[in-house]
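Note sheet for the following structure.
Atoms within each ligand, like the ligands themselves, are counted from 1 in listed order. The first residue of the sequence shown is numbered 1, and numbering continues consecutively from there. Nothing here was measured: the structure is a model prediction, and the numbers come from that model.
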Amino acid sequence: MKSMTTWGSQRLLNLTSFREIEEVLRRGTEFLLAGTRPESGEFFHGTLVAIDGREHLDRRRALSRMLGPRQPWGPEGRLFDETFERNMARVRSNANDDIVRFDLIDFARRVNWQTTAVLIGLDGVEDDQQVTRFQELAMPLIGGLTVEHLSGDHAAMVADARRAMSEVRESMFQPSFERRKSLVRVAKGGSQGENGLIADLITSLIAASIAEPDVDLVFRECLALLAASVNNPVWQIAFAVDDLLDWLDRHPEDGARTQEKTFLNGAVKETLRLHRSARPYLVRRAVADVVLQSTGRTVKSGTWLALWLGQANQDPTVFGQDAHLYNPHRALADPTVQSFGIAFGGGPHACMGRPMLVWEQGAEDAQGTLTKMLRKLLSNGIRRDPDAKYELRGEEGGRRFMRYDILMPARGR
Ligand code: HEM
């Protein structure tokens, strides 16, 4: 890899080693995120992913209840299970022979968009038609939110995103926001306070406002969460299925463990470590001269950095000589390193979705959504379609399946 990456008008210094990237992410007061999204800044400014320091910490605190395990979308909640079952029933009802065929990407996307709408607090995304409409409305918006990482006509993408933004705001966000404002007002006057309310993003931000909530900021925060959460889990689940089906072909003895939380968590974490499906690198800006303790490298103030998570997560000095291979039983020598590496970033901006996706604590059925999805798909008897083509698309370090064909016995119809 060359030492520099070009990104818009910036030249970025490439970092690929696990230890250096982990350190840069951890040292969040010297390496900032703010200001690193010049083109999508109009959609993101002032949000969690565009601020640092005290303000950022306070915003994360305001959202912490949103990630409690008992929330409907959390590992002890039932929202994901119900949404999965509803979508599975739909797929099965479309089958007209003994084998059910479906595209896992479309399936996972529908499940994920429905649960994300509830997590954000957008009403009226419950049935299949409403999900389709939500996707159609919000897809161009996601393009605008990630424009720095896309090739093509950026000005046109931003213009499409602006149009989608005003439609989403008017038809979906505004009524949901007003409803929650009254719910919070009533709850604050009651004996339980806002603790009795569901802690979706909109409700949490309204409840945390001392004066009148800043509706523009709450809306932008919804967009930021949407961009962070709708695509990544979909691409990861296709990789998780692909990796595990391969592994089970070669290790049939693990077939008996495909409903076990510990085994499936190990499988999901190994997939997260091995596959980076979103933008291939994170960006940071040094705001002081820094000497990295991990390697002694000097980084001058004003340097922009590209942090290549995928390469770091296959660093053999941390994950072993077979770091590039999938092994759901992988044990690491260093107890301070997570088995998914830095797939969820690290430091102050580490992924807030992690406890929803992978969950170690609690009862056997308290599971993150990636683990639940994998378990439920396997219990339905899924397998790959021998006639299908499985192709990865995207740039180096950020590849994904755009379609993933699945076969499944039509039992239980
Ligand atoms: C497999 C799926 C996911 C992966 C691999 C992933 C990965 C990441 C990474 C690497 C970051 C750090 C970005 C940076 O430092 O520049 C991040 C941030 C974030 N993620 Fe995720 N994410 C996933 C799903 C989700 C979900 C489902 C949510 C919903 C709650 C979510 C919410 C966030 C938020 C809010 C941030 C920004 C945190 C901050 O800036 O303080 N993510 N994610």
Side-chain angles (χ1 to χ4, degrees), residues 21-22 24-28 31-37 44 46-53 55-68 71 73-75 79-80 108-109 111-113 115-121 145-146 148-149 199-201 204-205 220-240 268-269 271-285 305-310 312-313 338 340-359 368-371 373-374 397-398 400:
I21 295 182
E22 190 277 328
V24 167
L25 291 173
R26 189 166 26 88
R27 294 174 73 168
F31 296 101
L32 300 189
L33 186 49
T36 58
R37 293 171 178 270
F44 278 122
T47 67
L48 199 63
V49 296
I51 52 177
D52 294 286
E55 191 189 5
H56 173 254
L57 196 66
D58 288 345
R59 190 74 51 78
R60 277 188 76 116
R61 280 217 187 97
L63 295 176
S64 58
R65 218 162 61 77
M66 181 176 91
L67 297 167
Q71 294 298 332
W73 48 82
L79 176 70
F80 181 86
R109 199 170 264 154
V111 173
N112 200 37
W113 280 71
T115 44
T116 303
V118 182
L119 164 74
I120 291 178
L145 297 167
T146 49
E148 283 92 355
H149 299 275
D200 57 51
L201 179 89
S204 301
L205 290 177
R220 284 201 304 281
E221 207 65 84
C222 291
L223 301 186
L225 192 76
L226 194 64
S229 61
V230 282
N231 285 329
N232 240 330
V234 174
W235 296 325
Q236 285 298 324
I237 199 65
F239 278 121
V268 161
K269 288 191 276 186
T271 290
L272 283 161
R273 182 184 71 77
L274 275 181
H275 304 283
R276 172 94 189 138
S277 45
R279 56 206 162 106
Y281 51 83
L282 305 183
V283 180
R284 292 294 190 271
R285 196 166 53 88
L305 300 166
L307 314 176
W308 293 80
L309 298 191
N313 275 343
Q338 299 275 7
F340 47 74
I342 42 177
F344 292 119
H349 284 281
C351 179
M352 287 195 78
R354 181 190 143 188
M356 263 177 68
L357 296 153
V358 191
W359 183 252
T369 53
L370 290 176
T371 308
M373 177 78 101
L374 194 54
R400 62 199 75 139

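Side-chain atoms of Thr36 do not come within 3.5 Å of backbone N or O of Leu32 as any donor-acceptor pair. Although no hydrogens or angles enter the test, the distance criterion places a donor-acceptor pair under 3.5 Å between the side chain of Arg276 and the main chain of Arg279.
By the criterion of a heavy-atom distance under 4.0 Å, the side chain of Leu282, and not its backbone, is placed next to ligand 1. Of the heavy atoms in Leu225, only side-chain atoms (C-beta onward) come closer than 4.0 Å to ligand 1. Residue contacts with ligand 1, taken as heavy atom pairs separated by less than 4.0 Å, do not involve Arg354 at all. Both the backbone and the side chain of His349 come within 4.0 Å of ligand 1, judged by heavy-atom distances. The part of Leu272 lying near ligand 1 is the side chain, judged by heavy-atom distances below 4.0 Å. Only the backbone of Ala343 comes within contact range of ligand 1, with a heavy atom under 4.0 Å; no side-chain atom does. Residue contacts with ligand 1, taken as heavy atom pairs separated by less than 4.0 Å, do not involve Val283 at all.
Taking each of Ile120, Leu33, Asn232, Leu25 in turn, the one with a heavy atom nearest to atom 6 (C) of ligand 1 proves to be Asn232. Nearest to atom 41 (O) of ligand 1 by heavy-atom distance, out of Glu221, Arg59, His56, is His56.
Of all atoms in ligand 1, numbered sequentially from 1 with element shown, those under 4.0 Å from a heavy atom of Arg60 are 38 (C), 39 (C), 41 (O). In the vicinity of Gly345, heavy-atom distances shorter than 4.0 Å reach the ligand 1 atoms 10 (C). Interface atoms of ligand 1 facing Val49, defined by a heavy-atom separation under 4.0 Å, are 37 (C), 40 (O).
Minimum heavy-atom separation, Val118 to Trp73: O-CZ3, 3.7 Å. Here the shortest heavy-atom pairing between Leu305 and Val24 reads CD1-CG1, 3.9 Å. Met356 and Leu119 get closest at one heavy-atom pair: SD-CD2, 4.0 Å. Minimum interatomic distance between Ala312 and Ile342 (heavy atoms only, all atoms of both residues): CB-CD1, 3.8 Å. Scanning both residues, Arg284 and Phe31, for their nearest heavy atoms gives CD-O, 3.9 Å.
Arg284 counts as a contact of ligand 1, since one of its heavy atoms falls under 4.0 Å from the ligand.
In terms of protein heavy atoms, atom 32 (C) of ligand 1 is closest to Gly353 N, 3.6 Å. Ranking the protein heavy atoms by distance from atom 24 (C) of ligand 1 puts Leu357 CD1, 3.5 Å first. Closest protein heavy atom to atom 1 (C) of ligand 1: Gln236 CG, 3.5 Å. Looking only at protein heavy atoms, the nearest one to atom 26 (C) of ligand 1 is Ser229 CB, 3.5 Å. The protein heavy atom nearest to atom 36 (C) of ligand 1 is Met352 N, 4.1 Å. In terms of protein heavy-atom proximity, atom 42 (N) of ligand 1 is nearest to Cys351 SG, 3.0 Å.
With hydrogens and angles left out, the side-chain atoms of His349 and Asp52 include a donor and acceptor closer than 3.5 Å. A donor and an acceptor atom, one from each side chain of Gln236 and Ser277, are located under 3.5 Å apart.
With rounding to the nearest 0.5 Å, the separation of CE in Met352 from CG in Leu67 is 4.5 Å.
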*Run the side chain to side chain contact (heavy atoms under 4.5 Å, CB included) check on Arg37 and Val283 step by step: do they pass?*
CA-CA 9 Å; Arg37 293 171 178 270; Val283 180; over 6 Å; no
_Gln338 vs Arg273, test: side chain to side chain contact (heavy atoms under 4.5 Å, CB included). Steps then yes/no._
CA-CA 9 Å; Gln338 299 275 7; Arg273 182 184 71 77; over 6 Å; no
